[in-house]
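One structure below.
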Amino acid sequence: MTELGAFVTQDTTRWLLAGVAALIVLIVTLLSFRKKPQVSAAATVEAMKESSAILVLYASQTGQAESLARRTAASLNAGGQAAIVLSLKEATPDLLQHAAQALCVVSTAGEGDAPDEAMRFEHTLMKKRVELGQLSFAILALGDRTHGHFCAFGHRLDAWLMECGARQMRGCVEVDDLDPKALAKWDGFLSSLGAGQAAEEEIVFDDWRLAAREVLNPDSKAQKLVRVDLQPVEGQAQRRVVWQAGDLVEIITPKGHRRDYSIASLPGEGHVRLLVRQKADGDGSKLLTETLQPGEILKLRLKVHANFHLPEGSGPVLLIGAGSGLAGLRAHLLTAMTAGRPCWMIYGERNPVTDGGACDELIAWQDKGQLARLDLAFSSVTDGQGRYVQDALVGRTKELKEWLADGGSVLVCGGLDMGRAVDAALRRHLGNDWAEDAIAAGRYRRDLY
Ligand SMILES: Cc1cc2nc3c(=O)[nH]c(=O)nc-3n(C[C@H](O)[C@H](O)[C@H](O)COP(=O)(O)OP(=O)(O)OC[C@H]3O[C@@H](n4cnc5c(N)ncnc54)[C@H](O)[C@@H]3O)c2cc1C
Ligand SMILES: Cc1cc2nc3c(=O)[nH]c(=O)nc-3n(C[C@H](O)[C@H](O)[C@H](O)COP(=O)(O)O)c2cc1C
C-alpha cells in the first residue's frame, strides 16, 4: 500500500499519520467486503475525504454486476489500493463530487432499462447536470446481445458522466453474456491502476440428482411446463444446501451455457423444486424437462438473489405471475403464509382445462384459508373471455391501494412481456410515484426473464 509505504520513519507524527491512514484503508477495505452496504452516503463521503479510496459503484439485477464490483475492489485491495463498494442506489451528488476515481460495474435489465436498484438514480440524478470535473471514471457494462439494447444502461451512464465533465479513464468495456475475453480487458485495465491478484471467489457446482419430474400440462397445446425436483448427491457439499425464497439455481447446459431457474420450494421440503417451461431446442430447459432421467446427475449451484428476497415486515403481500413464474412466487407464498402475512395471489395460465395443473395447490391453500385472495386469469379460453394477469387488476384500484397501504409489497415473476404489462397496469392504478418509491424501497420486486 502506498500510504503504508510511508511507515519507514522515526518521526512520531508521521507514525501517527500513517497509523490513521492505515486505519482508514482498513475501514474502507472492510466496507468493500461487506455483503450488504449499510453505511450512510454521508459516512462514505467522510471516508472518501480522508483517503484516496477508489469508489466502485454497481447496479445489478441478478447479482453478477455486484459480484464483479466486489471482485474489482478485491483486486484493487490486493494491489494496496483502498476501495469502497456501493450500490448506485446509495450514490449522491455529494459522494460523486468527493471521489477522484470511480469504477462503475452495471448491467442492463428489461428492454434496455437500468436494473431496478438504479432506477431512481437514473430517473432523478441522471436528469440533472452534476459538476464532476474532478472525477475520472471507467465503466464495465454487462449485457447480452440476444436481448437487444446491448449494454444500454452502461452507455447512458457513460454519456451522463461525460456530460457532467468527468474524464473517461478508458472506453466503456462491454461484456456480452459474461464473455471471459471482455472481462480480461477489464482486468488488464485494473492492472494499469495498480490492482493485484485477488483470491478468486470459488464457484462450485455440485452434483444433484433428478428425484422426480411431472409434466403439469400434458394435454396442452403450449410448450410443456414441468415440475422438476432435485436433491443433492449425498456425501458431498451438504454445507451449501441452504437457500431462501427468491433464490435461484444455476445449471450448466450440455452446450456449456449457464442458465438460471427460480427455486420454487423451501429447504424444509427436502428438495429444490423448479418449474421449467420447455423451449423448442432449448439447451437448458430441454435437459431439465426431457433429457435428464430420474436418478441421473447434473451440475448445479444455488445462487443468492437478494434483489428478489421477501420484503421485510409483517405487511400484506401481492404476488403476480404467469406460467413458470409461479416458481419464483411459490416459496414466497409459503414463507409469507407461515408468517401470517395476508397474501393475495394473481396467477395466469393459458387454458383452465389443459394448463390448470399448477393451480391446484393454490386453490387448496385458498380453501384452507391460508391464501386470503386468489385470482386466476386464463388467456386461452374458447368463450372469448380470455384475460391476462394485468386484467385482474382492472376496476380494483381502491382494493389495491387498501391492500398495499399498510407496509404492503408486490412481487412479480415470469416472462419479461408479462412483467411489463403488469408494471404498466400497476402504474396506471397506483401512479408512477408509487412504482418508483416502491422499487427504491424494495417493496416492489421483480424477477423477470
Ligand atoms: C433470473 C432468472 C430466473 C429464471 N427462472 C426460470 C424459471 O423458473 N423457469 C423457467 O422455465 N425459466 C426460467 N428462466 C429462463 C431460463 O434461464 C432460460 O433462459 C430458459 O429455460 C431458456 O433457456 P434454454 O437454454 O432452454 O434455451 P436456449 O437454448 O437459450 O434457447 C431458447 C429459445 O431461443 C431460441 N434461440 C436460442 N438462441 C437463439 C438465437 N441466437 N437467435 C434466435 N433464437 C435463439 C432457441 O431455439 C429456443 O427456442 C429464468 C431466467 C432468469 C434470468
Ligand atoms: C430479463 C432480462 C432482460 C435483459 N435485458 C437486457 C438488455 O436490454 N440489454 C442487454 O444488453 N442485456 C440485457 N440482459 C442481460 C443482462 O444484462 C446480463 O445477463 C447481465 O450479465 C446480468 O447482470 P446482473 O446479474 O448484474 O443484473 C437482460 C437479462 C435479463 C434476464
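Quick note: residue numbers are just sequence positions, from 1.
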List the atom pairs, with distances to 0.1 Å, where a side-chain N or O of residues 365-374 and a protein N or O form a donor-acceptor pair under 3.5 Å, not counting sequence neighbours.
from: R373; atom 1: NH1; to: E399; atom 2: OE2; distance (Å): 2.6

Worksheet item: Which residue pairs satisfy the salt bridge (Lys or Arg N to Asp or Glu O under 4.0 Å) criterion with at least one member in residues 410-430, sequence neighbours excluded?
Response: E111-R420, D113-R420, D423-R427, D423-R446, R427-E436

Worksheet item: Considering residues at least two apart in sequence or located in another chain, which fulfil the side chain to side chain contact (heavy atoms under 4.5 Å, CB included) criterion with Q244?
Response: D247, H309

Worksheet, complete the sentence: Taken in chain and number order and not counting sequence neighbours, the residues that satisfy side chain to side chain contact (heavy atoms under 4.5 Å, CB included) with A166 are L132, L135, F137, L161

Worksheet, complete the sentence: Here the salt bridge (Lys or Arg N to Asp or Glu O under 4.0 Å) pairs for residues 321-339, sequence neighbours left out, are E269-R330, R330-E361

Item to complete: Determine which pairs satisfy salt bridge (Lys or Arg N to Asp or Glu O under 4.0 Å) with at least one residue from residues 210-220, sequence neighbours left out, and list them in order.
Response: E214-R227

Worksheet item: Any chance the rings of F153 and W160 have centres within less than 6.0 Å?
Response: no

Worksheet item: Does anything in residues 344-356 pair up under salt bridge (Lys or Arg N to Asp or Glu O under 4.0 Å), and if so which pairs, sequence neighbours excluded?
Response: R277-E349

Acceptor/donor pairs from residues 331-339 side chains to any protein atom, 3.5 angstrom cut, sequence neighbours excluded:
from: H332; atom 1: NE2; to: F308; atom 2: O; distance (Å): 2.9
from: T335; atom 1: OG1; to: A331; atom 2: O; distance (Å): 2.7
from: T338; atom 1: OG1; to: L334; atom 2: O; distance (Å): 2.6

Worksheet entry | Residue pairs, two or more places apart or on separate chains, that pass ring pair (Phe, Tyr, Trp, His ring centres under 6.0 Å) and touch residues 412-449 | W434-Y444

Worksheet item: Partners of R209 by salt bridge (Lys or Arg N to Asp or Glu O under 4.0 Å), sequence neighbours excluded?
Response: none

Item to complete: Mind checking side chain to side chain contact (heavy atoms under 4.5 Å, CB included) for D391 and listing every partner two or more places apart, or none if nothing turns up?
Response: R387, Y388

Worksheet, complete the sentence: Sequence neighbours excluded, the answer for side chain to side chain contact (heavy atoms under 4.5 Å, CB included) partners of S409 is P311, R341, R443

Worksheet item: Can a salt bridge be assigned to the pair D206 and R301 using a cut-off of 4.0 Å between side-chain N and carboxylate O?
Response: no

